Protein chains: 2
Amino acid sequence: MDERNISAAERTIGYLLRLPYERLSERVYGALAAQGFPDIRPAHSAVFRHIAGSGSRVSDLAERARMTKQSMAYLVEALASAGYVAATPDPADGRAKLVRLTRRGRAVSETLVRLSREAEEELAARLPPGRMAALRRLLGELAEVLERS
Amino acid sequence: MDERNISAAERTIGYLLRLPYERLSERVYGALAAQGFPDIRPAHSAVFRHIAGSGSRVSDLAERARMTKQSMAYLVEALASAGYVAATPDPADGRAKLVRLTRRGRAVSETLVRLSREAEEELAARLPPGRMAALRRLLGELAEVLERS
DNA sequence: GACACATAGTCAGACATTCTGTCCATATTG
DNA sequence: CAATATGGACAGAATGTCTGACTATGTGTC
């Protein structure tokens, strides 16, 4: 059996999910760097994706991103020292601090969403009409099932 | 805007791809560990996924996995010292060596494919009939488009 | 055949991203 | 108030990736 071209049957669903994910990441974070945010890396999306407009606690961010508090704190610290987020004490809890996006952080967040949408649209244009919408719909259903566990 | 529950419109396609990928990875590599291969981690899939039955060069593996020779050599070395692969000189090229799966390496490869299929089937059972097949088909089309670039 | 260039692999070092374990300060609850 | 839980910080480690520099071998041209 020649595995140079992995047969369709042997492509795991994980491989099929990972391939486009990585290509999109490369593209989006490359473009983000070109637009003046070279220090934002894919790992930081865990923060941008989950942070609330009113600010979030590190613990909350960690839980939503399914990582340890320490790992999330590392990401937040990097973003804070680069001016993308700022932390203020949580008035409701003396132990906690609220992490908020700065203006620059909001710019990153909006740019990420825009670049991702653009990448998706360009990819959609290379597929038969409706395919990308169907894919998005299916992935949404899958996410719903997964979030329920 | 409350971002605690990311609205469907704001879910990037990257996020939608990444979510199931990560859940599947956790599950598959957790099960693999439980079946006696605790030292195989997701990064090693770059080797298992691309290695040819007749053996592959490190450079070839690196290129197919889209990583540097050095990074691939690091993964191969870890697998070699744990007995999952073995390297022999390439008779056709004195600079090169051929990396081959050992019996134990083939067992891992087969187990990975099986576990992934099982995970996919169980997930499919939690979706309306046909959805997983449709998803796989769409991801296959997407991969075809992406490989062409 | 010699030289120039390309390729396979290695060594060294760096960095990013995660983890575990430990600890302190503050809340919460019986 | 005592006991426990929680938010966060500090220290250390493992993993996986990169760049740069290097050696040895192969390839192609004169």
Side-chain angles (χ1 to χ4, degrees), chain A residues 18 21-22 25-26 29-30 32-33 37-52 55-82 84-100, chain B residues 18 21-22 25-26 29-30 32-33 37-52 55-82 84-100:
Chain A
R18 182 182 188 158
Y21 171 69
E22 287 194 343
S25 274
E26 276 171 37
Y29 286 86
L32 189 68
F37 305 108
D39 47 0
I40 301 295
R41 283 179 302 278
H44 300 134
S45 69
V47 179
F48 290 108
R49 202 169 267 152
H50 297 291
I51 199 167
S56 296
R57 294 179 182 184
V58 171
S59 305
D60 281 359
L61 290 173
E63 190 185 348
R64 290 192 209 148
R66 305 186 124 230
M67 61 190 344
T68 60
K69 289 187 294 180
Q70 293 94 322
S71 297
M72 180 52 75
Y74 163 84
L75 296 174
V76 165
E77 158 54 28
L79 290 176
S81 69
Y84 295 104
V85 301
T88 53
D90 184 344
D93 187 332
R95 297 165 303 178
K97 62 185 189 182
L98 288 175
V99 180
R100 279 190 175 77
Chain B
R18 183 182 187 156
Y21 171 70
E22 287 193 344
S25 275
E26 276 171 36
Y29 285 86
L32 190 68
F37 305 108
D39 48 357
I40 302 296
R41 283 179 300 278
H44 299 134
S45 69
V47 179
F48 290 108
R49 202 169 267 151
H50 297 291
I51 198 167
S56 296
R57 295 179 182 186
V58 171
S59 305
D60 280 0
L61 290 173
E63 190 184 349
R64 290 189 209 153
R66 305 185 122 231
M67 63 190 342
T68 61
K69 289 187 295 178
Q70 294 95 320
S71 297
M72 180 52 74
Y74 163 83
L75 296 173
V76 165
E77 159 54 27
L79 290 175
S81 68
Y84 295 103
V85 302
T88 53
D90 184 344
D93 187 335
R95 297 165 302 176
K97 62 184 189 182
L98 288 175
V99 180
R100 279 190 174 78

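Residue numbers begin at 1 in each chain, while the letters A, B, ... track the order of the sequences. Predicted model only: the values in this text are computed from it and were never measured.
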Review point. Does A/Ser71 reach the main-chain N or O of A/Met67 with its side chain, forming a donor-acceptor pair under 3.5 Å?
Key: no
Check your understanding: Under a 4.5 Å cut-off applied to non-hydrogen side-chain atoms, are A/Arg66 and A/Met72 in contact?
Key -> no
Check your understanding: Do B/Pro42 and B/Glu26 come close enough that some side-chain heavy atom pair is under 4.5 Å?
Key -> no
Revision key, fill the gap. In whole angstroms, the gap separating C1' of D/dG7 from OH of A/Tyr74 amounts to 21 Å
Practice item. Measure from NZ on B/Lys97 to C1' on C/dT7 and round the result to the nearest Å. Key: 15 Å
Review point. So does B/Arg57 get a side-chain nitrogen or oxygen closer than 4.0 Å to the phosphate oxygens (OP1/OP2) of C/dA8?
Key: yes
Point to revise | d(CZ, A/Arg66; C1', C/dT18) in whole Å | key: 16 Å
Practice item. Nearest whole angstrom, please: distance from the C1' of C/dT26 to the CG of A/Asp90. Key: 12 Å
Exercise for review: Have a look at the helix from C/dG1-D/dC30 to C/dG30-D/dC1 and give the angle its two end axes make, five pairs each, rounded to 10 degrees.
Suggested key: 30°
Exercise for review: Could you tell me whether the side chain of A/Gln70 has a donor or acceptor atom within less than 3.5 Å of a complementary atom in the base of D/dG7?
Suggested key: no
Review point. Closer than 4.0 Å, any side-chain N/O of B/Ser59 to the OP1 or OP2 of C/dG9?
Key: yes
Check your understanding: What is the distance from CG of A/Asp93 to P of C/dT28, rounded to the nearest Å?
Key -> 6 Å
Review point. At under 4.0 Å, does any side-chain N or O of B/Ser71 touch on OP1 or OP2 of D/dC18?
Key: yes
Check your understanding: Are any side-chain N or O atoms of A/His50 and backbone N or O atoms of A/Val47, one a donor and one an acceptor, separated by less than 3.5 Å?
Key -> no
Check your understanding: Between atom CE in B/Met72 and atom P in C/dG9, what is the gap in whole Å?
Key -> 11 Å
Check your understanding: Considering only side-chain heavy atoms of A/Ala43, which listed nucleotide, C/dT18, C/dC19, D/dT17, is closest?
Key -> C/dT18
Point to revise | Between C1' of C/dA14 and CZ of A/Arg41, the distance in whole Å | key: 13 Å
Point to revise | Minimum side-chain heavy-atom gap A/His44-A/Leu79 below 4.5 Å | key: yes
Check your understanding: Should A/Lys69 be listed as having a side-chain N or O under 4.0 Å from OP1 or OP2 of C/dC19?
Key -> no
Exercise for review: Would you mind reporting whether A/Phe37 and A/Tyr29 have side-chain heavy atoms less than 4.5 Å apart?
Suggested key: no
Point to revise | Criterion side-chain contact (heavy atoms from CB on, under 4.5 Å) against A/Asp90, the qualifying member of A/Arg57, A/Lys97, A/Arg95 | key: A/Arg57
Point to revise | 5' priority, DNA chain C, between A/Ala46 and A/Arg95 [closest heavy atom] | key: A/Ala46
Check your understanding: Can you check the A/Leu75 CG to D/dG8 C1' distance for me, whole Å?
Key -> 15 Å
